[in-house]
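What follows is one structure encoded as structure tokens, with my remarks underneath.
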Amino acid sequence: MGYVSNLDTKLLRLSGSDYFTLRDACQGVHVFGGIGSGKTSGSGKALASAYLRAGMGGLVMAAKPEEVDLWLRYARENGRSNSVLLFGDRGGAFNFLTYELARQGPDGIGSVVECLMRILEAARLSKGEGRTGDSFWEDTTRQLLRNTIPVLYAATGAVRIPDIIRFVSSAPISVEQLQSQEWQATSFMFQALLANRNQPVIPMHEAEFEKTSNYWRYEFAQLDPKTRGNIAISLSTALDRFNRGRLHRAFCTDTTLVPELTFHGAIIIMDMSALTWNEDGVIGQMLFKYMWQRAVLARNALEPRHRDRPVFLWNDEAQYTVNSFDADFLSTCRSSRACSVYLTQSLPTYYARMGGPQPQHQADMLLANFVTKIFHNNADPTTNRWASDTIGRSMQRRFNESSGHSSGTSTGMNAGESGSWGSNSSVGGSSDRRGGGGASWSSGSNSGGGDNWGRNRGRNSGTSQSFGYSEAMDVEIEPAVFARDLVTGGSANRGRVTGLWLSAGRRFHDSNRNYLHVSFQQ
């Protein structure tokens, strides 16, 4: 099947004038959404179909058993059924040790060591222990493997997990035991060292052999017995899963598929669900994902025909298989045309899985590598606050308005009275014409009074109104929007799912922002 390779190819239409391109896909996509939010059936389905139509090869992780059948349906609907390869319950096998040694030869011993270290990390993560945060145990285990694998490869020409376990289990526990003929006769380690010295299949350099011998003689044998025992038991316990059963069949027998097949359009689906294979499924998927990621990062050293087709990594319920190498891969995979899509419910799922003293920092480092982030309906406040902060702040205009009404009545009454009284009198004499005397008098009085009264009544009322606005730096999208306003599909919403599509460094035409309200049909 043909494929797209131009980075400006439009893969998905987001709005009337906005598109998701191959360039955007190569920069990584992360989808958040709560249970039943429609993240898988909404944006997940749209992206998966777009990648399949573009002719990409890819690796699909499967946390749930129905994920395998879902991708088989996607492949059928988009004309890619012939590209599917199942790895796990229904077929496929990949001997990772033989593969790595065939790819790099004796110089690839260090790569084999790192593959085995990923198994140990996956074993811890599958039990929910997260990263230990104590580099001592990782360093000592890595040192032990570096002094085991070269001896086995030189003595037998191969590296097998049962041989690693036997070699470490038969290591000397003291300097005196090294001289014991009984130990020498029964120790698989001693026999491998002797074969390496006398009749190697692939000879080691003399200096390398001396360094290895000195490690077992002067370092491992003289470790504290408890420390030495813990290292050996931790290693053998984790690797013993590959000694028998389904992990042995999938990873320690023949090889029927390799990661490089995806460079030519194959879609490898991990048919070992974490919910059915349990810890084995987590460990198996993390191991193959690591091998695929390393092959993708190395593909730029191949001929153009092996590195031109885009490939994708699909990781729904990503918290099951996320590990410490993911951030390193995501930060450099763009140049390899690798398009990663991770889907999970919330930030706390990553915190719980990663563990360690600072799980938030590890999660932040991982998520910083996804340029595109899609947010669906979510009830988790931590994730919603983080989404709001990630979209960012801007100057927001806040309007305010106030109004009021007042009324009152008044009544009153007044009354009063007044009055005045008085009298006057006078006596006098006078004479007549004849010279006689005479007399006259007068008297009088006056009085008065008055009163007054009155009543008054009044009523008053009034209204007032004012409005204005203020500007402040605040979030563009409130956290409550992610829990309240996004549609979750289903019959109640006629199969419609909505979300906020954020692309860092981009301004969408329809929103004039770095985010866009998008809608998908289930």
Side-chain angles (χ1 to χ4, degrees), residues 1-4 9-14 19-33 36-88 261-263 265-271 273-274 285 289 292 296 309-322 330 333 337-345 370-376 488-489 495-499 501 503 518-522:
M1 178 183 175
Y3 58 89
V4 302
T9 302
K10 298 173 181 177
L11 301 181
L12 191 63
R13 186 171 186 171
L14 303 178
Y19 294 87
F20 177 73
T21 66
L22 178 58
R23 188 185 307 277
D24 298 323
C26 290
Q27 295 174 337
V29 178
H30 198 292
V31 183
F32 282 102
S37 64
K39 64 179 182 296
T40 299
S41 59
S43 60
K45 178 183 177 181
L47 288 169
S49 300
Y51 289 5
L52 292 173
R53 290 193 300 268
M56 296 185 191
L59 173 63
V60 178
M61 315 302 287
K64 298 175 287 188
E66 59 266 29
E67 191 79 11
V68 177
D69 292 330
L70 178 66
W71 269 87
L72 290 174
R73 178 165 62 84
Y74 286 166
R76 184 172 60 253
E77 291 173 349
N78 292 279
R80 297 295 303 279
S81 293
N82 293 335
S83 301
V84 172
L85 295 174
L86 296 179
F87 179 24
L261 289 175
T262 61
F263 302 168
I267 303 165
I268 300 176
I269 302 176
M270 301 300 292
D271 191 16
S273 161
Q285 293 194 60
K289 183 182 69 157
W292 183 87
V296 168
R309 182 192 295 262
V311 294
F312 67 85
L313 170 61
W314 191 271
N315 203 358
D316 200 352
E317 301 296 345
Q319 71 274 9
Y320 280 100
T321 56
V322 70
L330 292 166
C333 70
R337 293 176 177 261
C339 308
S340 300
V341 180
Y342 283 42
L343 302 90
T344 195
Q345 295 169 12
F370 294 97
V371 173
T372 296
K373 298 177 178 69
I374 305 171
F375 301 101
H376 290 285
T488 59
R496 180 170 167 266
V497 176
T498 61
W501 188 298
S503 288
V518 290
S519 178
F520 305 95
Q521 198 66 30
Q522 290 178 317

Apply side-chain contact (heavy atoms from CB on, under 4.5 Å) to residues Tyr342 and Val31 and explain how you reach the verdict. CA-CA 6 Å; Tyr342 283 42; Val31 183; over 6 Å; no
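Here Ile267 contributes atom CD1 and Leu86 contributes atom CG; the two are 11.0 Å apart, rounded to the nearest 0.5 Å. Of the inter-residue distances, the one linking Arg337 atom CZ with Arg23 atom CZ reads 9.5 Å to the nearest 0.5 angstrom. In this structure, Phe370 CZ and His30 NE2 are separated by 5.0 Å, a value rounded to the nearest 0.5 Å. To the nearest 0.5 angstrom, Trp292 atom CH2 is 7.5 Å from Phe263 atom CZ. Note that CG of Leu330 is 8.0 Å distant from CG of Leu313, once rounded to the nearest 0.5 Å. Atoms CG and CH2, from Leu12 and Trp501 in turn, are 5.5 Å apart once rounded to the nearest 0.5 Å.
The shortest heavy-atom contact between Thr321 and Lys289 is O-NZ, 2.6 Å. Here the shortest heavy-atom pairing between Ser519 and Arg496 reads OG-NE, 3.2 Å. Contact record, Gly265 with Ser83: O-CB, 3.5 Å, taken as the closest heavy-atom pair. Nearest heavy-atom pair across Tyr320 and Ala274 is CD2-CB, 4.1 Å. Across every non-hydrogen atom of Gln522 and Gly38, the tightest pair is NE2-CA, 4.3 Å. Heavy atoms only, all atoms of each residue included: Val518 and Leu14 are closest at CG1-O, 4.1 Å.
Between His376 and Thr488 the shortest side-chain heavy-atom distance does not fall below 4.5 Å. Side-chain contact check for Leu22 versus Pro310: some heavy-atom pair is nearer than 4.5 Å. With contacts defined as side-chain heavy-atom distances shorter than 4.5 Å, the pair Leu343/Trp314 qualifies.
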For residues 44-73, dump all side-chain donor-acceptor pairs below 3.5 Å to protein atoms at least two apart in sequence or in another chain.
| from | atom 1 | to | atom 2 | distance (Å) |
| --- | --- | --- | --- | --- |
| Ser49 | OG | Lys45 | O | 2.9 |
| Arg73 | NH1 | Glu77 | OE2 | 3.1 |

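Scanning for salt bridge (charged side-chain N to carboxylate O under 4.0 Å, His left out) contacts around Asp316 gives an empty result, with sequence neighbours left out.
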